[in-house]
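Accompanying notes for the structure given below.
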Number of protein chains: 2
Amino acid sequence: MDIRTRLIDTAEQLFDRHGFTATGMDRLTHGAGISSRTLYKHVGSKNRLLAIVLDERDRRFMRSLASAVSLDDLFGALGAWFADEGARGCLFLRSWAETGGDVPEIVEAMTRHKARLRQRIEEIVEAETGRRDDELAESILLLVEGVTHAATYRGSATVDVALRAARRLVESAMV
Amino acid sequence: MDIRTRLIDTAEQLFDRHGFTATGMDRLTHGAGISSRTLYKHVGSKNRLLAIVLDERDRRFMRSLASAVSLDDLFGALGAWFADEGARGCLFLRSWAETGGDVPEIVEAMTRHKARLRQRIEEIVEAETGRRDDELAESILLLVEGVTHAATYRGSATVDVALRAARRLVESAMV
DNA sequence: CCCAATGTAAAACGATAACTTTACTCGTGC
DNA sequence: GCACGAGTAAAGTTATCGTTTTACATTGGG
């Protein structure tokens with residue numbers, strides 16, 4: 001695996017598990033097995049490293065939803081994500097909050113990700129119901145955001161609750 | 001206002017707006033207008049200060065829900081909270097994640113708060129529908145958790161979407 | 001064959017972190 | 001009238017922060 005990939009993977013894990021500010025550069029360099037000089041040649045700064053990590057995470061997350069055309073697919077993918085990666089809340093929102101909304105590159109990475117997520121949910125809702133429905137898409141987004149955070153303290157069974165609630169909302173909107 | 005209250009209020013604002021780790025002790029002492037010696041006499045450590053802040057926030061938040069007996073009340077109170085305090089995600093989850101789940105007093109404060117919230121939602125659902133319904137309460141919790149985080153990037157109009165979705169879930173459960 | 005690129009280790013940078021200590025002031029109650 | 005508790009300011013402690021720099025090793029291509 002090449003250095004840059006190894007660095008970004010290490011950083012994503014450390015930022016996710018211990019927090020951005022609490023993760024020092026030494027833990028990043030030791031974790032990735034590189035020198036600090038190499039780290040700075042590759043990513044320039046700690047803030048830029050976080051922005052790159054977020055962009056990479058967005059790509060990976062959206063890829064896991066790429067083939068979803070139903071609520072089952074959507075919440076199935078979410079459940080698989082939590083099982084694989086753990087559930088510690090949304091890393092984009094956490095990064096945005098930890099930096100106080102003061103770092104433009106992180107605000108932008110967060111905004112981009114949330115726009116893509118919202119768009120993707122709209123497509124899935126349209127595939128499931130056969131028509132566009134903004135209000136329905138927005139409430140499914142609320143369930144997705146809700147399960148992302150509730151799963152941290154109520155466990156993975158919450159994904160099934162979210163799926164059943166989403167189905168009911170679709171039914172209720174179909175009448 | 002007495003020193004301890006002033007300190008806790010200041011700390012809550014700074015932790016919420018800039019993050020826990022990113023807020024230094026000097027900003028806390030200057031913000032509260034006290035010396036560092038006094039701060040440590042009162043709260044002992046930065047971690048204990050955060051735990052105290054969280055307990056106080058929980059009391060205040062639960063008080064704002066104290067008289068709620070309907071979905072309207074519940075989401076009305078949430079909307080008012082966001083309007084008054086801003087929406088930057090759940091401070092309990094953020095504090096828990098920022099400290100990597102490694103600080104017992106913070107894990108406990110988070111767990112206590114979430115248990116109380118879940119309990120309160122169960123009571124409101126029972127008052128609204130006339131019967132206990134665990135599944136329904138859990139899905140309303142998902143909407144509450146969802147709107148808490150989605151409001152940070154989709155604005156306060158999301159509260160109305162959450163309320164309407166909650167109403168539909170109740171209707172759907174009443175059949 | 002050697003130059004340029006890419007990496008390393010390790011020291012140094014100034015700033016700041018959380019926290020403690022020293023020395024001093026003040027108002028209150030006995 | 002003075003002792004004491006509660007506060008202050010400010011320096012000091014030890015440690016770590018993000019970042020840069022210096023000096024050196026390895027390696028692949030013209």
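In what follows, every heavy atom counts, from backbone to side chain, and hydrogens, waters and symmetry copies are set aside. The chains referred to below are lettered A, B, ... by the order of the sequence lines, with proteins before strands, and numbering in each begins at 1.
- Using a 4.0 Å heavy-atom criterion, one finds that A:Thr29 contacts no nucleic acid atom at all.
- Between the side chains of B:Ser70 and B:Asp73, at least one donor N or O sits under 3.5 Å from an acceptor N or O.
- Rounded to an integer number of Å, the gap from B:Lys41 NZ to C:dT22 C1' is 13 Å.
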- request: At under 4.0 Å between heavy atoms, which parts of nucleotides 19-24 of chain D does protein reach? Answer with one letter per nucleotide, 5' to 3': B base, S sugar-phosphate only, - none.
  value: BBBBB-
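- Using a 4.5 Å cut-off on side-chain heavy atoms (C-beta onward), B:Thr152 and B:Phe82 make no contact.
- Remark: B:Arg59 CZ is loosely packed, at most 12 non-hydrogen atoms of other residues, nucleotides or ligands lying under 6.0 Å away.
- Distance CD1 (B:Ile34) to P (D:dA10): 16 Å, rounded to an integer number of Å.
- Taking atom CG of B:Asp26 as the reference point, atom P of C:dC19 lies 13 Å away to the nearest angstrom.
- Relative to the side chain of B:Ile3, the nucleotides D:dT8, C:dG7, D:dG7 differ in distance, and D:dG7 lies closest.
- Cluster annotation: A:Met174 and A:Val69 are assigned to distinct hydrophobic clusters (Ile/Leu/Val/Met/Phe/Trp/Tyr, side-chain heavy-atom contacts under 4.5 Å, transitive).
- Whole-Å rounding puts the B:Arg4 CZ to D:dG7 C1' distance at 17 Å.
- Here B:His42 does not reach the OP1 or OP2 of D:dA6: none of its side-chain N or O atoms lies under 4.0 Å away.
- Whole-Å rounding puts the B:His30 NE2 to D:dA9 P distance at 8 Å.
- Atom CG of B:Leu39 is separated from atom C1' of C:dT20 by 13 Å (rounded to the nearest Å).
- Taking the six-membered ring where tryptophan is involved, the planes of B:His149 and A:His149 are essentially parallel, since the angle between them stays under 30° and well short of 60°.
- Here the side chains of B:Leu169 and B:Leu143 are in contact, with some heavy-atom distance below 4.5 Å.
- Contact annotation: the side chain of A:Glu145 never approaches that of B:Arg154 to less than 4.5 Å [non-hydrogen atoms, C-beta and beyond].
- Distance CZ (B:Phe20) to P (C:dA17): 13 Å, rounded to an integer number of Å.
- In this structure, B:Asp2 places its CG atom 13 Å from C1' of D:dA6, rounding to the nearest Å.
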